[in-house]
Each structure stands twice: as structure tokens, then as C-alpha cells.
Amino acid sequence: MNATSGPSPAGALLLCRADPPTVRPPAQLLREPLLLAPAGADWSVLVPEGKPWQGGEEPVERVVTGWATALAVSAAGWPVLALWWDGDRAGLTLAAGFRRTVGYTWLADGTPAGEDEAMRTLAERLALDPVLDVQALEPLTLPDPEADSRTRLLGLVAVLARVGLALPTGIDPGERPDRLREAALAAGAEQLEWPGWRDAVRAELDVVEEGPLGPYVRGPKARALGVAQLAAGLPLLAWGLGRRSGGWTAAGALLVAHGATGLAYDRLRAH
């Protein structure tokens, strides 16, 4: 496929390695207009409206990196893969807990502009086959005059189908944001609404307490996690506010909220 003529509207998708009920609580804490839909076995997709980057004040890559980081840290277990694109480039950002985010970029014509090591790290953190799937990812890092940036993202989605990813019809990387939302609604996507802090936190705690991560909600591990989230969130929030970065500000605010709520919850339950 040859590179398309003219710039494409910026857009993004957030692919979460968890089912919608698990993704819903932390996604609501972002307080952004998002559509949530199942995307295969143990996968969900979040389709953003895109207002933070439509005004041109902040690039789509920076915004969705902040969102993915916030979701992955609050998730305590499942990774988040953000796919993004604009008129000049396209790429991915993988966030998994407190680990350093991993990214890869292609120019609009499909020219690779990232490091091969990023793809290997992506395969490891998404539990892909270290031989077959890594070999399938390798062509995405090699020159190909017939592949533009959208083709590269579609190729990545095809590889992830091996581990259960199945995006609903019409939700394809590189598509216009309005068409993505139309396709998501047609597939029965849920419009996430801000329920208020109390209900949002209660819903998230219910999900975590019922799962294998219950010890991270109450007890010594929970307190250590809360302190770590505050330590990471406070400087990140200050950095984002100082630079008027919506994505990083949201990430910092989410970390601070999680840390403070976790410590308060553990103390209340102890009494």
C-alpha cells in the first residue's frame, strides 16, 4: 500500500489486555470521553474522542502515552498498548505497571524510525511467542516501499490476533476519529461516564479485591504500593501542570488519587 496523499486527522486507540469490566473503573478515572468495547478474548479497546489533541496544543503521542501510563499503573497487572497516528507519523506506546514505557514510530510513508529492541520488549511484555511472533514483528522494522504507516499499524494488529486481539469491525488504526467512534457505537460500545470519586473508587476496589491482587488492596503490600504511587504521581502531576500537558497531568492525578485512596482504604479497613 502506498502512502496516502494529504495529512490524516490525528487519532488513537488504547488496547488493554483485560476484559471491559476490569478496564472500566481505571478508565473512568481518566475523566475523558471514551468508548469501551470488548476486543477479543481478554482484550478491550478504548476509543477516545480526541479533544486534547484536536486543538493542536499537544501532540497525540504525548497525550495517549500519559493515558496509557496512568491506566497501566492503576491496573496492577495488565498492560496497555496505545496506537496513535497523525499526518506525519504513526506509532505505538506500551505501558506495563511501573516499568519504563516502550515506543516505536514510523514516518507517514512507513519508514521505520524506532529501535528493534522495542519490538522484542513489546513481544515479551504482551506474552507473545518469543520465536514465531517475534519473527512476524520483524518485517515491521524493515524498509518496505509498499507499506505506509497505517499498514504498519494494521500489521501489528494482525500479529496481536495470535494472542486473542479481535478489534470490532470498523475500529482500525489510521481511521478518522469520528468513524472510529461510529464503528464502536455500532458494535455496542459503552460510553464511559464519570460516576464521581466515591463510586469510581468503590467499583475499582471491588474488582481488585475479588481477584488475585487482593493483597495489594489491604495490608503491607497495599501500603507500599500506595506510597510508591504517591511518590511517582506528585512530581508527575507538577511536571504536567507546569507544561500544561493534559496527558501527563491526567497520569499524575490518577497516580496521586490511587495512592491516597489506597492508603486511606487500608487504614479504614484496618479499623
Side-chain angles (χ1 to χ4, degrees), residues 12-18 22-23 26-27 29-30 32 43-44 46 48 52-53 58-86 89-106 112-130 133-134 137-138 140-141 152-153 156-157 159-160 163 165 173 213 216 221 224-243 245-259 262:
L13 294 172
L14 294 166
L15 310 180
C16 305
R17 194 76 187 272
T22 304
V23 173
L29 289 175
L30 290 176
E32 294 288 341
W43 284 89
S44 301
L46 289 166
W53 58 78
E58 193 170 10
V60 59
E61 176 186 6
R62 185 180 303 169
V63 174
V64 298
T65 295
W67 290 350
T69 301
L71 285 170
V73 170
S74 64
W78 40 269
V80 181
L81 179 65
L83 306 183
W84 56 269
W85 57 91
D86 57 25
R89 301 178 304 152
L92 62 90
T93 299
L94 176 66
F98 287 98
R99 295 179 177 180
R100 181 179 60 87
T101 58
V102 175
Y104 197 92
T105 303
W106 297 272
E115 298 181 1
D116 295 351
E117 183 61 30
M119 284 295 182
R120 289 189 286 270
T121 303
L122 179 144
E124 176 186 352
R125 294 185 185 176
L126 290 179
L128 300 181
D129 186 281
D133 292 339
V134 170
L137 289 171
E138 184 178 359
L140 301 178
T141 66
R152 301 291 198 175
L153 292 178
L156 174 63
V157 169
V159 175
L160 295 180
V163 288
L165 179 67
L213 298 175
Y216 290 94
K221 291 183 178 179
L225 178 60
V227 171
Q229 289 175 326
L230 285 174
L234 286 171
L236 187 61
L237 176 60
W239 189 87
L241 289 172
R243 289 163 175 74
S245 172
W248 289 110
T249 299
L254 181 54
L255 284 172
V256 170
H258 268 275

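Hydrogens, waters and symmetry mates play no part in the numbers below; they use all other heavy atoms, side chains included.
- Listed by chain and residue number, Met119, Leu122, Ala123, Leu128, Leu140, Leu156, Val159 satisfy the side chain to side chain contact (heavy atoms under 4.5 Å, CB included) test with Leu137 (two or more places apart in sequence, or in another chain).
- Nearest heavy-atom pair across Trp106 and Pro112 is CD1-CA, 3.7 Å.
- Remark: Thr69 engages no residue in a side chain to side chain donor-acceptor pair (under 3.5 Å) (not counting sequence neighbours).
- Of the residues Asp133, Val163, Leu94, the one that meets the side chain to side chain contact (heavy atoms under 4.5 Å, CB included) test with Leu126 is Leu94.
- Although no hydrogens or angles enter the test, the distance criterion places no donor-acceptor pair under 3.5 Å between the side chain of Trp84 and the main chain of Pro59.
- Remark: side-chain polar atoms of Arg89 are not paired, donor with acceptor, to backbone N or O of Thr105 under 3.5 angstrom.
- The side chain to side chain contact (heavy atoms under 4.5 Å, CB included) test with Leu81 singles out one residue from Val102, Leu92, Leu13, and that residue is Leu92.
- A heavy-atom distance below 4.5 Å is found between the side chains of Trp67 and Pro52.
- Pairing each heavy atom of Ala12 with each of Pro48, the nearest pair is O-CD, 3.2 Å.
- In the model, Thr101 has no side-chain atom that pairs as donor or acceptor with a side-chain atom of Thr93 under 3.5 Å.
- More than 12 heavy atoms of other residues, nucleotides or ligands shown are found within 6.0 angstrom of CD on Glu117.
- Nearest heavy atoms, Phe98 versus Val73: CZ-CG1, 3.6 Å.
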